[in-house]
Amino acid sequence: MKPAEIPGLPPGVDDQLAGEGIEELYPPQAEAVEAGLTDGESLVASVPTASGKTLIAELAMLSAVQRGGKALYIVPLRALASEKKTEFERWEDHGISVGVSTGNYESSGEWLASRDIIVATSEKVDSLVRNNAGWIDQLSCVVADEVHLVDDRNRGPTLEVTLAKLRQINPGLQVVALSATVGNADEVADWLDAELVHSEWRPIDLRMGVHFGNAINFDDGSQREVPVEGSQRQTEALVGDTLDEGGSTLVFVNSRRNAESAAKRQGGVVERRLDSDEKADLQDLAEEIRGVSDTETSDDLADCIENGAAFHHAGLASEHRSLVEDAFRDRLLKVICATPTLAAGVNTPSRRVIVRDWRRYDGEFGGMKPLDVLEIHQMCGRAGRPGLDPYGEAVLLSKDADTMDELFERYIWADPEAVRSKLAAEPALRTHLLATISSGFANSREGLLEFLEATLYATQTGDDGRLESVTDSVLAYLEANDFIEREDGTIRATNIGHTVSRLYLDPMSAAEIVDGLQYAEQNRGEEAATSEGQRERPAADEEAEPEGFVSASELQTDAEDGSESETEPVDDSQPPARPTPLGLYHLVSRTPDMYDLYLKSGDRETYTELCYEHEAEFLGRVPSEYEDVAFEEWLSALKTAKLLDDWASEVDEDRITERYGVGPGDIRGKVETAEWLLGAAEQLAGTLELSSRVAVREAKKRIEYGVREELIDLAGVRNVGRKRARRLFEAGIESRADLREADKGVVLGALRGRQKTAETILENVGREDPSLEDVEAVETETAAVARGGSGEPESDNGTDDGQSSLGDF
DNA sequence: CCGTGTATTCTCTAGACAGCATGTC
DNA sequence: CTAGAGAATACACGG
């Protein structure tokens, strides 16, 4: 089928497709069109990666728009949202407008309503549905990318429920589900009342094989000699071999550490095959990488990159990741050693893919668990770049013949697993049932069950006994926590329940936060008065803490936080037990919405000690060290809280990464999550009219800017971050008002003589005459002290360590 | 005493969505 | 009942 033969497209689209070199649709694409794709027919396309799924989606969306409709493209990752947006924007010449909506990047509501195609993550779509975004009911076509992710324990149910809701809101909705090849695409199609296009067809050949001894044994029976010489490892031999053929390699391993050390080793293999131009370019790239973050991870990555190799995992800052991905796509980097981040992420095809590790540690499993066939296939699917490589090769590694046989059996010949709904689990239903009630989709137990009938779970299991019983226990939980009210079989969300749903919080997180804040409100010593669903209530007797303990801790807190009374004179009337930042950070860190940090050896003791030291600050009862299994979790939340506290105390990034054994990307992630949760906590405190609201807001601001209390005002100015704010403060400029009045020379001096920057900042703070022409920088080392001693004596060159007085270890 | 090569023990484990209102160095 | 790579440490050896 040729582009011109596709019915229903906007005029000119066929020409553009032809202009892009598409003369003939790929077989699965043609099959999709024949199944009515461009006539609004729903469709499940279960096809291999890189076999033209995106075009299927585009044809559906373009034809939907042509019919006067509006299309939504649901992606699993934020990074993919921008990738897809860029891709779709090439249709703008044909009058198609594109918008994106994700948690961190949002085009405003009304503006979105005017777009023809909207790209969003499934969570964002869910959130938009919960908040009744006006344009949702105008949708005529929804594309769900990587729909096999409904199988995911954590995020799958969201996609599943969201699709069900969109279909309920808009009965005529065309649903186009794109999936990797899975075992039961027919069931998915059944669920969505869609046509099924199932195909194994790929535009370029993929050869899979196992390397063992001195050769790769391919699935077609052929062999390729790749000897492992001397002290070389299999991976190195294979990378060298690919490179000699002019190809690059993607190596998948099972841990971050393995990725880093493998990349380091590959550097030796790659380096001697580089020419001087490449080396120069790599040098530049390495410098850019170093500039992203001043951490060991960043340095290590830059070192590897100088040799033409790189590692890639979630500990990297996102700038790191995209620099690496781009350079690999540009053929500058020859090898990437990656954890599974890359298998599911943005498009980074490669001539050869090596799956070095096929097992990964899993605590629940109790050892190394073999990866799913689907996951291995996703990795292998990255092999072969359409239009560039003659074919792609995916190679698994084995050390002995038995393993080789097992790998063939288990992965190469095997069909991928079936996709199974994970909806009937309490965490998933907790959140989605509340949202379903809150946004008016159902107002009774029966209504809920009826709604759940429209999910994949119901399609897959004949027996809904399980769904019913989980629903009942979840409803009991929601009622016990006052998120819903039941009256004669009618269920409705309470005020607080609506808030929780709107904030997109897991109800259990919300309950934890509410309990914690109320605990603080009771001014210690008294029982927090909420009911607590399934969690255990602390007995009323453990609250008699020694008076001295509390005040000692408060003194310490003051010492740490610095000049509280100077910057906050208004709030003096607050209750004595005002929550401390650490207490609040711990509160949000122990909610299920915050991912736990791993406790390393030695951490147990360290944090147990820290726990007792700060006992009075926690917003809730500390579990018993000896009797309670929750103690371990409490400690790992404390570790996270302490990381956040360091961040909000201006501890350097590299110091934090070192202290907690994390990467720069992890810090960003934690900070982002904490920001969100503290924002939610602030609103909950507002809804409940709790006095802790101010403290929460402040703690949130400190996390947001990464600064101590006294810099909050300054750091709020555009272009002023934690570093610049600290420098200004040290020069005696302590607030925006100061900045508007201060001597220009002092400002310039504090900003290290950067005239342009300083002018922009002055402009942003609203200074009348921001110009700095002919102004000379003035050094002011003692200015802070000169201004009446409000600057703290030693806490502060801000950038170095030594400032987190307590619990520094 | 020191550097180097090797055996042995110890350590540690993938990923990443969301509110709201605007902008780091 | 179920791991295994990498890093650190201990040890052996030659000079």
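So that the names make sense, note that chain A is the first sequence line, chain B the second, and so on, each numbered from 1. What you are looking at is a predicted structure, and each value in this text was computed from that prediction instead of being measured.
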Visitor: Would you tell me if any nitrogen or oxygen in the side chain of A:Arg256 comes within less than 4.0 Å of OP1 or OP2 on B:dG15?
Guide: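 It does, given that an N or O in the side chain of A:Arg256 lies less than 4.0 Å from OP1 or OP2 of B:dG15.
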Visitor: Salt-bridged, A:Asp294 to A:Arg655, with N to O below 4.0 Å?
Guide: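 No salt bridge links A:Asp294 with A:Arg655.
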Visitor: Under 3.5 Å for both donor-acceptor distances, Watson-Crick or wobble: does B:dG23 have a partner, and if so which one?
Guide: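 The base-pairing partner of B:dG23, which may sit in any strand shown, does not exist here.
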Visitor: With a 4.0 Å cut-off on N to O distance, would you call A:Glu650 and A:Arg702 a salt bridge?
Guide: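 No salt bridge links A:Glu650 with A:Arg702.
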Visitor: Should A:Arg130 and A:Asp126 count as an ion pair when the cut-off is N to O under 4.0 Å?
Guide: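 Yes, this pair counts.
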Visitor: Out of B:dC17, B:dG15, B:dG19, which nucleotide sits closest to the side chain of A:Ala314?
Guide: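 Of B:dC17, B:dG15, B:dG19, B:dG15 is nearest to the side chain of A:Ala314.
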Visitor: With a non-hydrogen cut-off below 4.0 angstrom, is A:Glu672 in contact with a base, only sugar-phosphate, or nothing?
Guide: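 No contact.
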Visitor: Less than 4.0 angstrom from a charged side-chain N to a carboxylate O is my criterion; do A:Arg78 and A:Glu672 meet it?
Guide: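 Answer for the salt bridge query: yes.
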Visitor: Given B:dA18, is OP1 or OP2 found less than 4.0 Å from the side-chain N or O atoms of A:Thr121?
Guide: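 For A:Thr121, the contact criterion (side-chain N or O under 4.0 Å from OP1 or OP2 of B:dA18) is met.
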Visitor: If only side-chain N and O atoms of A:Ser127 are considered, is one of them under 4.0 Å from the OP1 or OP2 phosphate oxygen of B:dG19?
Guide: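 It does, given that an N or O in the side chain of A:Ser127 lies less than 4.0 Å from OP1 or OP2 of B:dG19.
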Visitor: Heavy atoms only, 4.0 Å cut-off, all strands: where does A:Lys369 land among base, sugar-phosphate and nothing?
Guide: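 Since no nucleic acid heavy atom lies under 4.0 Å of A:Lys369, the category is nothing.
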Visitor: Distances under 3.5 Å between protein N/O atoms and the N/O atoms of nucleotides 1-3 of chain C, please, pair by pair.
Guide:
none

Visitor: Name the stems that DNA chain C belongs to, where each is three or more consecutive Watson-Crick or G-U pairs with both distances under 3.5 Å?
Guide: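 The stems are B:1-13 with C:3-15.
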Visitor: Dump every N/O contact between nucleotides 22-24 of chain B and the protein below 3.5 Å, one line per pair.
Guide:
{"unit_1": "B:dG23", "atom_1": "OP2", "unit_2": "A:Arg718", "atom_2": "NH2", "d": "3.2"}
{"unit_1": "B:dT24", "atom_1": "OP2", "unit_2": "A:Val717", "atom_2": "O", "d": "2.9"}
{"unit_1": "B:dT24", "atom_1": "OP2", "unit_2": "A:Asn719", "atom_2": "N", "d": "2.9"}
{"unit_1": "B:dT24", "atom_1": "O3'", "unit_2": "A:Gly721", "atom_2": "N", "d": "3.1"}

Visitor: Is A:Arg360 close enough to B:dG15 that one of its side-chain N or O atoms is under 4.0 Å from OP1 or OP2 there?
Guide: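 No, no such contact exists.
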Visitor: Would you tabulate the pairs of protein nitrogen or oxygen atoms and nucleotide nitrogen or oxygen atoms of nucleotides 8-12 of chain B closer than 3.5 angstrom?
Guide:
{"unit_1": "B:dC12", "atom_1": "OP2", "unit_2": "A:Ser601", "atom_2": "N", "d": "3.1"}
{"unit_1": "B:dC12", "atom_1": "OP2", "unit_2": "A:Ser601", "atom_2": "OG", "d": "2.9"}

Visitor: Can you tell if the side chain of A:Leu72 reaches within under 4.5 Å of the side chain of A:Val125, non-hydrogen atoms only?
Guide: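 Of all side-chain heavy-atom pairs linking A:Val125 with A:Leu72, at least one is under 4.5 Å.
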Visitor: What does A:Arg130 touch in the nucleic acid at a heavy-atom separation under 4.0 angstrom: a base, only the sugar-phosphate, or nothing?
Guide: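 Answer is nothing: A:Arg130 stays at 4.0 Å or more from every strand.
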Visitor: Without decimals, in angstroms, what is the distance between A:Met594 CE and B:dG15 P?
Guide: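 Nearest whole value for this atom pair: 17 Å.
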Visitor: Touch check for A:Arg697, heavy atoms < 4.0 angstrom, all strands: base, sugar-phosphate only, or nothing?
Guide: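 No contact.
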Visitor: Can you tell whether the side chains of A:Arg430 and A:Asp506 come within less than 4.0 Å, N to carboxylate O?
Guide: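 Answer for the salt bridge query: yes.
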Visitor: Which part of the nucleic acid, if any, lies within reach of A:Thr673 when heavy atoms closer than 4.0 Å are counted: base, sugar-phosphate only, or nothing?
Guide: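 Base, at least one base atom sits under 4.0 Å.
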Visitor: Is it true that atom CG of A:Asn495 has more than 12 heavy atoms of other residues, nucleotides or ligands lying nearer than 6.0 Å?
Guide: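 Not more than 12 within 6.0 Å, no.
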Visitor: So, is A:Arg668 close to the B:dA16 phosphate, meaning a side-chain N or O under 4.0 Å from OP1 or OP2?
Guide: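 No.
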Visitor: Do NZ/NE/NH1/NH2 and the carboxylate oxygens of A:Arg290 and A:Glu287 come within less than 4.0 Å?
Guide: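 Yes.
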Visitor: Write down the distance between CG (A:Asp362) and P (B:dA14), rounded to a whole number of angstrom.
Guide: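 These atoms are roughly 11 Å apart.
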Visitor: Between B:dC17 atom C1' and A:Leu505 atom CG, what is the distance in whole Å?
Guide: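 Going from CG in A:Leu505 over to C1' in B:dC17 covers 13 Å.
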Visitor: Using side-chain hydrogen bond (donor to acceptor under 3.5 Å, both in side chains), reason through A:Ser298 and A:His320 one step at a time and then give a plain yes or no.
Guide: CA-CA 8 Å; A:Ser298 192; A:His320 284 141; 3.0 Å; yes
Visitor: With DNA chain B as reference, determine whether A:Pro340 or A:Arg78 sits nearer its 5' end, using the nearest nucleotide of each.
Guide: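 It is A:Pro340 whose nearest nucleotide is closer to the 5' end.
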Visitor: Does B:dA18 have A:Trp676 stacked on its base, where the ring centres are within less than 5.5 Å and the planes differ by under 30°?
Guide: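 It does: the two rings, one from A:Trp676 and one from B:dA18, meet the stacking criterion.
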Visitor: Can you list everything that forms a side-chain hydrogen bond (donor to acceptor under 3.5 Å, both in side chains) with A:Ser122? Sequence neighbours excluded, please.
Guide: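 Checked A:Ser122 against side-chain hydrogen bond (donor to acceptor under 3.5 Å, both in side chains); zero matches.
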Visitor: May I ask you to verify if any side-chain N or O of A:Lys264 is less than 4.0 angstrom from the OP1 or OP2 atom of C:dA7?
Guide: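 Checking A:Lys264 against C:dA7: no side-chain N or O falls below 4.0 Å of OP1 or OP2.
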Visitor: Partners of A:Gln266 by side-chain hydrogen bond (donor to acceptor under 3.5 Å, both in side chains), sequence neighbours excluded?
Guide: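 Per chain and number, A:Gln266 pairs via side-chain hydrogen bond (donor to acceptor under 3.5 Å, both in side chains) with no residue.
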Visitor: Locate the shortest heavy-atom distance separating A:Arg722 from A:Leu711; write the atom from each residue and the value.
Guide: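 For A:Arg722 versus A:Leu711, the nearest heavy atoms are O-CD1, 4.2 Å.
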Visitor: Are side-chain N/O atoms of A:Tyr73 and A:Asp145 paired as donor and acceptor at under 3.5 Å?
Guide: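 Checked: A:Tyr73/A:Asp145 side chains pair up, N/O donor to acceptor below 3.5 Å.
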Visitor: Restricting to non-hydrogen atoms, name the atom on A:Ala725 and the atom on A:Leu714 that form the minimum distance, rounded to 0.1 Å.
Guide: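 It is O-CD1, 3.8 Å.
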Visitor: Using a heavy-atom cut-off of 4.0 Å across all strands, would you classify A:Leu77 as base, sugar-phosphate, or nothing?
Guide: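 Touches sugar-phosphate only.
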Visitor: May I ask you to say what A:Arg754 touches in the nucleic acid, namely base, sugar-phosphate or nothing, with a heavy-atom cut-off under 4.0 Å?
Guide: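 Nothing, no heavy atom under 4.0 Å.
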Visitor: With rounding to the nearest 0.5 Å, note down the distance linking CD1 in A:Ile513 to OG in A:Ser692.
Guide: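 Going from the CD1 atom of A:Ile513 to the OG atom of A:Ser692 covers 11.0 Å.
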Visitor: With nearest nucleotide decided by heavy atoms, which residue, A:Lys124 or A:Thr339, maps closer to the 5′ end of DNA chain B?
Guide: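 The answer here is A:Thr339.
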Visitor: Base, sugar-phosphate, or nothing: which does A:Arg153 touch, judged by heavy atoms less than 4.0 Å apart?
Guide: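 The answer is nothing, as A:Arg153 stays clear of every strand by at least 4.0 Å.
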Visitor: Taking atom P in both C:dT2 and B:dA18, what distance in whole Å separates the two?
Guide: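 Rounded to whole Å, the distance is 42 Å.
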Visitor: Sort out the partner of B:dA16 for me: Watson-Crick or G-U wobble, both distances under 3.5 Å, none otherwise.
Guide: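 B:dA16 is unpaired by these criteria.
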Visitor: Applying a 4.0 Å non-hydrogen cut-off, can you work out what A:Gly679 is touching in the nucleic acid: base, sugar-phosphate, or nothing?
Guide: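 Base contact.
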Visitor: Pair A:Tyr660, A:Asp646 - check side-chain hydrogen bond (donor to acceptor under 3.5 Å, both in side chains), show working.
Guide: CA-CA 11 Å; A:Tyr660 301 94; A:Asp646 277 2; 2.8 Å; yes
Visitor: Looking across every strand, which nucleic acid part, if any, lies under 4.0 Å from A:Asn254 by heavy atom: base, sugar-phosphate, or nothing?
Guide: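 Sugar-phosphate only.
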